[in-house]
Amino acid sequence: MSVDLRTRIGAASLPNPIMTAAGCAGIGRELGRFFDVAKLGAFVTPSITPEARAGRPAPRLAETPSGVLNSTGLQGPGIDAFLARDLPWLDEQQARTIVSIAGNSVEEYAEVAGRLATAPGVTAVEINTACPNVEDRGLMFAAHPTAAAEVVRAVRAHTRRGVPVLAKLSADVTDVVGVAMACADAGADALSMINTLHGMAVDTSTFRPRLAGITGGLSGPAIRPVAVRCVYQVHAALPEVPIIGIGGVRTGLDALELVLAGASAVAVGTANIHDPSACVRILRELDAALRERGISHLADAVGLAHKPAGTLMRRIDPNVGVAEPTEQETLQ
Amino acid sequence: MTDSSPVQVPGTVLTMRRIGTYQTMTLVAPGVAERFRPGQFVAVAVGGEQSSMLLRRCFSVREVKPDYGGTVEIVFAVRGKGTEWLAALRPRDIVDVAGPLGRPFPLPRDPVNCVLLGVAHGSAALFPLAAVLGQRDCRLHFVLGGATSDDVLGARGARRTGDSVAVATEDGSLGSAGSVGDLLPGVIEDAQADVVYACGPLDTLRAVTRTCTGYGIPAQVAVEEPMACGTGVCMACVLPVIGDDGGTHMVRTCVEGPVFRGERVRWDDVGTIPFDALGAPRALRLGERS
Ligand SMILES: Cc1cc2nc3c(=O)[nH]c(=O)nc-3n(C[C@H](O)[C@H](O)[C@H](O)COP(=O)(O)OP(=O)(O)OC[C@H]3O[C@@H](n4cnc5c(N)ncnc54)[C@H](O)[C@@H]3O)c2cc1C
Ligand SMILES: Cc1cc2nc3c(=O)[nH]c(=O)nc-3n(C[C@H](O)[C@H](O)[C@H](O)COP(=O)(O)O)c2cc1C
Ligand code: FES
């Protein structure tokens with residue numbers, strides 16, 4: 001049996017659901033030394049800002065149990081250099097590119113989106129809403145439904161029809177469903193979740209914070225349950241809006257977990273730091289996991305965890321693969 | 001994908017040996033050895049497949065051999081959890097290795113007088129370099145150092161292959177008491193050195209650069225900044241470096257380094273974002289209102 005892994009994110013159709021997560025995969029060339037980036041469902045860029053940014057001082061990354069704290073500070077060359085040098089390279093590889101964008105004000109997001117509107121090779125635009133809104137007390141856009149909606153509306157207005165706009169949400173909020181609904185209402189075609197969780201680590205030998213930036217974003221398998229919860233809650237509230245599940249995916253089964261919770265695609269972040277071939281391995285493992293479960297279309301698996309207990313046709317015996325339905329299940 | 005691309009392979013431990021305070025590990029890592037050029041490094045995953053340690057550990061390569069389909073030897077000191085795990089490996093155990101990574105040492109076209117300076121485990125990177133320079137009929141003058149005699153790596157090998165060897169230890173237990181930096185001017189003069197290659201802690205590399213600048217000769221230094229992926233995807237390993245355009249850039253040492261021309265590195269600004277670096281926060285730029 002071959003598995004149909006195709007998925008749709010708004011108007012964009014992707015050959016498979018595995019993507020890189022923003023900022024965890026370089027600009028493509030780095031991973032391109034280990035595998036063909038066109039094999040990915042999509043390549044997601046680091047968040048692109050209007051101007052070059054030098055980022056935060058080092059040390060920028062700290063290892064925590066099954067996690068990583070980072071305060072890289074969105075270092076990047078800015079939109080001009082990205083358009084001149086990086087996007088054409090991705091296009092040449094025939095990668096489907098989702099451009100993540102960031103800014104410190106609604107105008108900055110709109111500016112980057114506007115510059116992308118005429119560029120060839122943009123499959124979708126992802127809004128990193130975790131940036132501080134310098135015009136509003138420095139609170140991140142993702143913290144408030146209204147601020148998030150405002151930035152989504154501005155980006156949507158500057159983006160071609162047919163190019164999906166994705167809002168990437170933070171789980172560091174009281175009500176992620178409320179933010180998700182506001183973004184969808186403002187024109188987001190899909191939701192990416194989650195971004196890193198705000199955290200901190202202190203070195204017990206030097207008595208100092210382990211990051212030069214003091215606090216940072218926590219990622220990796222340590223945050224996966226939070227991601228699964230957010231995807232599940234938002235899919236329950238907005239079942240028609242595609243979700244890109246992000247957070248701690250390291251294996252094909254981790255990816256499947258997010259799909260079952262409601263994700264139509266899955267982005268891999270920290271796992272790329274650990275294993276440069278992670279994405280192609282996870283894709284292979286996901287394919288095998290679906291096959292073992294007798295699921296021939298990825299789309300059929302999306303949101304299965306929302307089905308009431310006992311309504312599923314198949315059970316998995318880890319040693320045998322798909323088990324025959326029991327008499328009771330057949331009767332139901 | 002060209003042949004200079006790194007590979008990621010399951011490496012099989014062939015031998016584990018203790019030398020002084022160091023652990024020497026030889027891995028059968030097909031593909032890495034053939035591609036390797038002196039100055040490059042490998043990034044290994046630690047803790048096994050389900051490891052809770054997500055960052056790779058980077059190590060200089062001390063030797064590559066074509067035996068067993070290609071072997072790679074690394075030398076490391078046990079520092080934290082990752083190196084502790086590595087030190088407990090036994091022959092036939094498997095570790096995930098990515099390499100070779102980073103920019104190698106540039107090599108002189110003509111036979112010239114070279115000083116090879118290394119402190120502690122940093123000396124490891126000098127030996128494959130010495131082998132290549134030796135083939136090009138360069139004269140090799142080693143300067144090796146460490147805190148104690150146990151920390152000095154490769155003195156015996158250096159005596160075998162080098163035209164001269166000078167050793168300094170902080171406690172004076174081997175060679176002269178003091179730092180390699182104190183010995184360097186004398187060695188440069190005696191050897192009439194044309195170039196210095198150096199690996200070691202930041203302070204050493206800064207001192208080496210200053211000395212070389214004084215003599216008007218190039219310093220090619222391999223830096224050892226905290227790395228996380230080693231492959232260029234995470235932006236952990238940045239250093240302020242002056243580019244060809246004369247401006248300062250925060251560059252990734254794992255892909256644009258680890259080898260740099262010493263005078264290009266802004267040693268006094270390491271660990272900061274210099275105000276004049278490309279993309280530095282506006283508030284830091286003098287005379288500019290944000
Ligand atoms: C290019 C390069 C070559 C190196 N070559 C050698 C070598 O030949 N022999 C050797 O003993 N050591 C070498 N190091 C240092 C070595 O990588 C660290 O000592 C080692 O990773 C520490 O791991 P740990 O798990 O014991 O420590 P932990 O503190 O648990 O490490 C946590 C993280 O920080 C990084 N890290 C910690 N200390 C250092 C350090 N001093 N430099 C760079 N990264 C660090 C680790 O790689 C890891 O990602 C090299 C480092 C680099 C960047
Ligand atoms: C080093 C690093 C850099 C990141 N940079 C960005 C970024 O530029 N934009 C963004 O939206 N998210 C960024 N993220 C967050 C990831 O895209 C992802 O949402 C998060 O790491 C959770 O996924 P993971 O557990 O698979 O890493 C970054 C994460 C890391 C670890
Ligand atoms: S260590 Fe990740 S970019 Fe250099």
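Quick note on labels: first sequence line is chain A, next is B, and so on, each numbered from 1. Values reported hereafter were calculated over all heavy atoms of this structure, with side chains retained and with hydrogens, waters and symmetry mates removed.
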Original post:
If you tally heavy-atom pairs under 4.5 Å against chain B, which of A:N70, A:V68, A:T270 wins?
Top reply: A:V68

Subject >> Heavy-atom closest pair, residues B:G271 and A:P57 >> reply: O-CB, 3.3 Å

**OP:** Answer whether the closest heavy-atom distance between the side chains of A:R53 and B:I273 falls below 4.5 Å.
**Re:** no

**OP:** Search all heavy atoms of A:E63 against all heavy atoms of B:L55 and return the closest pair with its distance.
**Re:** OE2-N, 2.8 Å

Subject >> When A:G55, A:P77, A:G23, A:A212 are compared by non-hydrogen pairs under 4.5 Å with chain B, the top option >> reply: A:G55

Original post:
Do you know the tightest heavy-atom contact between A:A58 and B:A236?
Top reply: CB-O, 4.4 Å

**OP:** Would you check if the side chain of A:Q75 reaches a backbone N or O of B:M235 as a donor-acceptor pair within less than 3.5 Å?
**Re:** no

Original post:
With only heavy atoms counted, which part of A:P65 is less than 4.5 Å from chain B, the side chain, the backbone, both or neither?
Top reply: backbone

Subject >> A:D275, part contacting chain B, at a heavy-atom distance under 4.5 Å >> reply: both

Original post:
Given a strict heavy-atom distance threshold of 4.5 Å, which part of A:S277 is in contact with chain B: side chain, backbone, both, or neither?
Top reply: both

Original post:
Checking A:R60 side chain against B:C234 main chain: does a donor-acceptor pair fall under 3.5 Å?
Top reply: no

Original post:
By a 4.5 Å heavy-atom criterion (distance strictly below it), what part of A:T64 contacts chain B: side chain, backbone, both, or neither?
Top reply: backbone

Subject >> Per-residue contact mode, A:A25 against chain B (heavy atom under 4.5 angstrom) >> reply: backbone

Subject >> Closest contact, heavy atoms only, B:L54 versus A:G220 >> reply: CD1-CA, 4.2 Å

**OP:** With the side chain counted from C-beta on, respond yes when B:Q50 and A:P221 share a heavy-atom pair under 4.5 Å apart, and no when they do not.
**Re:** no

**OP:** Might you point out which heavy atoms bring B:E49 and A:R250 nearest each other, and give the distance in Å?
**Re:** O-NH2, 3.3 Å

**OP:** Search all heavy atoms of A:E30 against all heavy atoms of B:G232 and return the closest pair with its distance.
**Re:** CG-O, 3.5 Å

Subject >> Stepwise side chain to side chain contact (heavy atoms under 4.5 Å, CB included) test for A:R29 and B:V255 >> reply: CA-CA 11 Å; A:R29 289 184 176 90; B:V255 285; over 6 Å; no

